[in-house]
Colleague: 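Handing you a structure now.
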Amino acid sequence: MSDDTDLRFALQMAGAELARTPLSPDSPLGRLRLFAAANPGVKLRGKHVQAAIDGTLVRSSDRP
């Protein structure tokens, strides 16, 4: 990965920074990534994001 100073500056101005460590699987984004990896054919929707935030998103597919 190249060092993109413009991106780092923009993130700094927004009060954020790029993570240097892997995502925690207990974080909402970590849950979404695990779900997406386990269910490659499922399009992520708002219900998935909300379930990840609520901590109720399961890794198995929600397809019938």
Colleague: With sequence neighbours left out, what residues match Asp26 under side chain to side chain donor-acceptor pair (under 3.5 Å)?
Modeller: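 Asp26 satisfies side chain to side chain donor-acceptor pair (under 3.5 Å) with no other residue.
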Colleague: Where is the tightest heavy-atom contact between Ile53 and Arg31, given as atom of each residue plus distance?
Modeller: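 The answer is O-NH1, 4.3 Å.
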Colleague: Are the side chains of Leu44 and Val49 in touch, meaning some heavy atoms are under 4.5 Å apart?
Modeller: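 Not in contact.
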Colleague: List in chain and number order the residues that pass side chain to side chain contact (heavy atoms under 4.5 Å, CB included) with Asp6, two or more places apart in sequence or in another chain; answer none if no residue qualifies.
Modeller: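 Only Asp4 meet the side chain to side chain contact (heavy atoms under 4.5 Å, CB included) criterion with Asp6.
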Colleague: Where is the tightest heavy-atom contact between Arg20 and Arg8, given as atom of each residue plus distance?
Modeller: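 Smallest heavy-atom distance, with atoms named: NH1-NH1, 3.5 Å.
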Colleague: Tell me the closest heavy-atom pair linking Ala52 and Pro28, and the distance in Å.
Modeller: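 Heavy-atom minimum between the residues: CB-O, 3.5 Å.
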Colleague: So which residues get pulled into Leu29's cluster when ILVMFWY side chains under 4.5 Å apart are joined, directly or through others?
Modeller: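 Joined to Leu29, directly or through intermediates: Leu23.
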Colleague: Under 4.5 Å between side-chain heavy atoms, hopping through other hydrophobics if needed: is there a path connecting Val58 to Leu34?
Modeller: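 Per the 4.5 Å side-chain linkage, Val58 and Leu34 are not co-clustered.
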Colleague: With Thr21, which residues qualify under side chain to side chain contact (heavy atoms under 4.5 Å, CB included), at least two apart?
Modeller: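 Side chain to side chain contact (heavy atoms under 4.5 Å, CB included) check on Thr21 returns nothing, list empty.
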